[in-house]
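Quick caveat: nothing in here was measured; it's all calculated off a predicted structure.
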Amino acid sequence: MTEADPHIHVEQKVMQAGAGYRNLLASSLGRAPDAPGVVTTGCGLQVPYAMTSPRPESVTCLACREHAHREHLRYAEQVERLGRMPGAPVTGAQAAEAARWARDLAKRFSG
């Protein structure tokens with residue numbers, strides 16, 4: 001962990017970061033997991049959890065922005081494939097909406 005690092009990063013597991021994911025776990029399991037003190041970032045550093053953000057406008061580490069961009073595009077492709085599978089738990093329209101959301105975030109991370 002670098003104490004002098006002024007950048008805001010993204011967690012390495014981008015799609016499992018932030019309040020939305022914690023709320024999903026809490027509603028599924030009936031309890032919220034504790035936020036970690038230190039996390040591994042998209043650029044490979046270990047930083048305090050407080051120095052990360054899932055919001056593209058807040059992330060200042062360029063390597064983390066590129067990592068988040070790639071991860072959101074990968075998620076969009078995966079959810080689109082899932083929506084086309086027979087018996088999928090989501091409809092094609094729901095999958096398309098989730099893919100649009102992920103691509104929008106990817107674009108915001110790249111810009």
Side-chain angles (χ1 to χ4, degrees):
M1 179 166 55
T2 306
E3 297 296 330
D5 182 13
H7 293 289
I8 302 298
H9 299 270
V10 295
E11 288 187 56
Q12 187 174 39
K13 297 181 179 179
V14 176
M15 300 310 296
Q16 298 174 9
Y21 186 75
R22 286 175 48 85
N23 289 340
L24 172 70
L25 288 178
S27 65
S28 299
L29 304 175
R31 61 183 287 237
D34 293 333
V38 175
V39 297
T40 302
T41 64
C43 66
L45 294 177
Q46 290 203 343
V47 301
Y49 178 73
M51 295 300 291
T52 65
S53 176
R55 296 179 47 237
E57 298 79 16
S58 299
V59 177
T60 59
C61 172
L62 294 179
C64 281
R65 291 181 70 85
E66 291 170 2
H67 172 76
H69 172 78
R70 288 189 309 270
E71 290 297 306
H72 281 90
L73 289 178
R74 184 175 298 128
Y75 173 79
E77 292 171 10
Q78 288 175 344
V79 77
E80 281 181 332
R81 280 195 306 270
L82 176 66
R84 291 190 301 263
M85 292 175 62
V90 294
T91 66
Q94 290 170 324
E97 179 61 30
R100 264 193 302 280
W101 168 81
R103 284 195 176 96
D104 176 57
L105 266 177
K107 183 178 179 182
R108 289 169 49 202
F109 273 111
S110 71

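- Closest of all the heavy-atom pairs between C64 and V10 is O-CG2, 3.4 Å.
- Here the side chain of T60 pairs a donor or acceptor atom with the backbone of I8 at under 3.5 angstrom.
- Side chain to side chain, Q46 and T40 meet the donor-acceptor criterion of an N or O pair below 3.5 Å.
- Note: S110 OG to H72 NE2 = 11.5 Å, rounded to the nearest 0.5 Å.
- For E66, there are no salt bridge (charged side-chain N to carboxylate O under 4.0 Å, His left out) partners, not counting sequence neighbours.
- Distance alone, capped at 3.5 Å, is enough to place a donor-acceptor pair between the R65 side chain and the R108 backbone.
- Between S53 and S58, the shortest heavy-atom distance links the atoms OG-CB, 3.5 Å.
- Between A95 and V79, the closest heavy-atom pair is CB-O, 3.4 Å.
- Atom CG of L82 sits about 10.0 Å away from atom CD of Q94, to the nearest 0.5 Å.
- Under the 4.5 Å side-chain contact rule for hydrophobic residues, M85 and V90 share a cluster.
- Atom OG1 of T41 sits about 13.5 Å away from atom NZ of K13, to the nearest 0.5 Å.
- For the residue pair V14 and A68, the shortest heavy atom distance occurs at CG2-CA, 4.0 Å.
- The NE2 atom of H69 lies 11.5 Å from the CG atom of L105; values are rounded to the nearest 0.5 Å.
- Scored by the side chain to side chain contact (heavy atoms under 4.5 Å, CB included) test, R74 finds E71, Q78 as partners (sequence neighbours excluded).
- Legend: residues meeting salt bridge (charged side-chain N to carboxylate O under 4.0 Å, His left out) with R103, ordered by chain and number and at least two apart, are E80.
- Separation of atoms CZ (F109) and CG (D104) is listed at 11.0 Å; rounding is to 0.5 Å.
- Considering every non-hydrogen atom in both M51 and D5, the closest pair reads CE-O, 3.9 Å.
- H67 contributes a side-chain N or O that, together with a main-chain N or O of Q12, makes up a donor-acceptor pair within less than 3.5 Å.
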